Amino acid sequence: MNSTPQTRLFIQGEFVPASSGRRFQNTNPINGTLVSEVHEASRADVDAAVKAAQAALRGDWGRMAVEARTAMLHAVANEIARRFDDFLQAEIADTGKPRSIAGHIDIPRGAANFKTFADIVKNVPTESFHLDTPDGRGALNYGVRVPKGVIGVISPWNLPLLLMTWKVGPALACGNTVVVKPSEETPSTATLLGEVMNSVGVPAGVYNVVHGFGPDSAGEWLTQHPDVNAITFTGETRTGEAIMRAAAKGVRPVSFELGGKNAGVVFADADFEAAVDGISRSAFANTGQVCLGTERVYVERSIFDRFTQALKKKAEGFVFGDPMDPATTMGPVVSREHHEKVLGYFAQAREQGAQIVAGGGIPQLPAHYQNGYWVQPTIWTGLPPESNVLTEEIFGPCVHLQPFDTEEEAITQANNSPYGLATTIWTQDLSRAHRVAGKINVGITWINCWFLRDLRTSFGGQGLSGIGREGGVHSLEFYTELRNVCVKL
Ligand code: NAD
């Protein structure tokens, strides 16, 4: 008998085996051991999930009053909180991230995403205009929001529960149903959420999960499915391009949160310790696997050497090890493939003449971590601006520091990227902070902070970093159709 844990599909309120008969392995990045066998959906399974989601729209869920629907989403959040340890362990087994991150960010935000959007949907009014023309005609116009239908949710592996529920929360709050395709690297918490949906009474078919890969697999089949009415995706820019092509058939709307090559800017008048701490987090938190992280930092020349040495101390202070140990502050990267990619950039930086201030390789760890995907937090200086290490997203715990002399130069360097997701600016001169914020071409600017999120605000990028905005009422723009009704008075 096979005793390996099985991660099945969740369709129509039931955990079902994949009809393909195919399984793939989910491994723990700390040591490469097997976490579970994941059932790989066939095209027929994806079709069954979409049919279940379409049927649920026409059933109880579609008829449910907003009060009952949003109360149910509060119950989902409460149940995630009640089963905190189950979610924590599942997320940690898939990602290897330390408890200090998963327990403070991933799981609480997973729950908050349901509460926040349930409350927004209940409290946001629609528009209304009273038309009064000079020739005496009058009309009352009012807006009505209706769900878009079945939403295809394609999510990445870096913050699995958080980023998936960031889409599922508002989609369900607005009355849609969903079919989720979580990353093949991190299938567990999306599956566990199926148990939560059942236990609080969310009708069957409202939330469905199919597992698999991208091309010629569940991801592609879901985005190509003609009965998926809209697609929301977080992941790499190149994947976004493929999904956009799939969505073109049937002219289906997309919302994309894509890659980045974010810059940080540190002025000499910044609160030095706060800036070092902030840049250390933005470069190394979650082992550098945060879309909002900074891989390029521009530091005013007069403090450059001192800043570099202070950041080196931070980089060398991270503690690797058992993710459940509260002393552990850095986990591995997510997979063998990603490990090779990050180490490939480390090699290119060396070949291109970077000075390695800190790290640059694999840390020395006890034998039982030998098959894990560990990387040292790494700081470089001295790369030319055109180096691909400075233009391509690495998504690892690494940062390049470069000195600047003038505010204009810092802005020009920060904008030297086709991406436009986020930036973090450190200065105590408020006028300068606002001035620079207005000139850096990104969707999100943090001043004297990083990753401080208010879920009511817009979130998204420009250029290669995405299409559209989610967060607060902006999520409602994507997850509903706004209809106008005009009544002649
Ligand atoms: P990825 O694009 O490789 O995969 C994301 C998801 O897309 C996975 O579920 C994958 O199976 C699926 N997929 C892949 N090819 C597909 C296809 N052709 N059709 C349909 N689905 C397909 O991204 P990743 O490696 O999982 O995540 C890291 C990337 O995500 C980085 O580029 C990072 O910047 C980005 N990201 C962006 C944000 C943001 O908010 N902007 C947040 C987190 C991560």
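All ligand and atom numbering here is 1-based and tracks the order in the structure. These figures come from a predicted structure and were not determined experimentally.
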Q: Could you tell me, for ligand 1, which of its N or O atoms are under 3.5 Å from any protein N or O, listing the pairs and their distances rounded to 0.1 Å?
A:
from	atom 1	to	atom 2	distance (Å)
ligand 1	2 (O)	Glu236	N	2.9
ligand 1	2 (O)	Thr239	OG1	2.7
ligand 1	9 (O)	Ser155	O	2.8
ligand 1	9 (O)	Lys181	NZ	3.0
ligand 1	11 (O)	Lys181	NZ	2.6
ligand 1	11 (O)	Glu184	OE1	2.6
ligand 1	23 (O)	Glu236	N	3.4
ligand 1	25 (O)	Trp157	NE1	2.8
ligand 1	26 (O)	Trp157	NE1	3.1
ligand 1	32 (O)	Glu393	OE1	2.6
ligand 1	34 (O)	Glu393	OE1	3.4
ligand 1	34 (O)	Glu393	OE2	2.5
ligand 1	41 (N)	Leu258	N	3.2
ligand 1	41 (N)	Leu258	O	2.7

Q: Where does the angle between the aromatic ring planes of Trp446 and Phe451 fall among parallel (under 30°), tilted (30 to 60°) and perpendicular (over 60°)?
A: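 Because their plane-to-plane angle lies in the 30° to 60° range, the rings of Trp446 and Phe451 count as tilted.
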Q: Would you mind listing every side-chain hydrogen bond (donor to acceptor under 3.5 Å, both in side chains) that reaches into residues 375-387, with sequence neighbours excluded?
A: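 Matches after skipping sequence neighbours: Gln352-Ser387, Gln355-Thr381.
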Q: Give me each pair satisfying side-chain hydrogen bond (donor to acceptor under 3.5 Å, both in side chains) with a member in residues 410-425, each pair once, sequence neighbours excluded.
A: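 Pairs touching residues 410-425 that pass the test: Thr424-Trp426.
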Q: Kindly write out the residues that satisfy ring-ring contact (aromatic ring centres under 6.0 Å, His included) with His338, not counting sequence neighbours, or none if the list is empty.
A: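 His338 satisfies ring-ring contact (aromatic ring centres under 6.0 Å, His included) with Trp157 only.
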Q: Check whether Phe478 forms a cation-pi arrangement with Lys148 (NZ or CZ under 6.0 Å from the six-membered ring centre, at most 45° off the ring normal).
A: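 The answer is yes; both the distance and angle limits are met.
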Q: Under 30°, 30 to 60°, or over 60°: which ring-plane class applies to Phe117 and Trp166, parallel, tilted or perpendicular?
A: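 Because their plane-to-plane angle is over 60°, the rings of Phe117 and Trp166 count as perpendicular.
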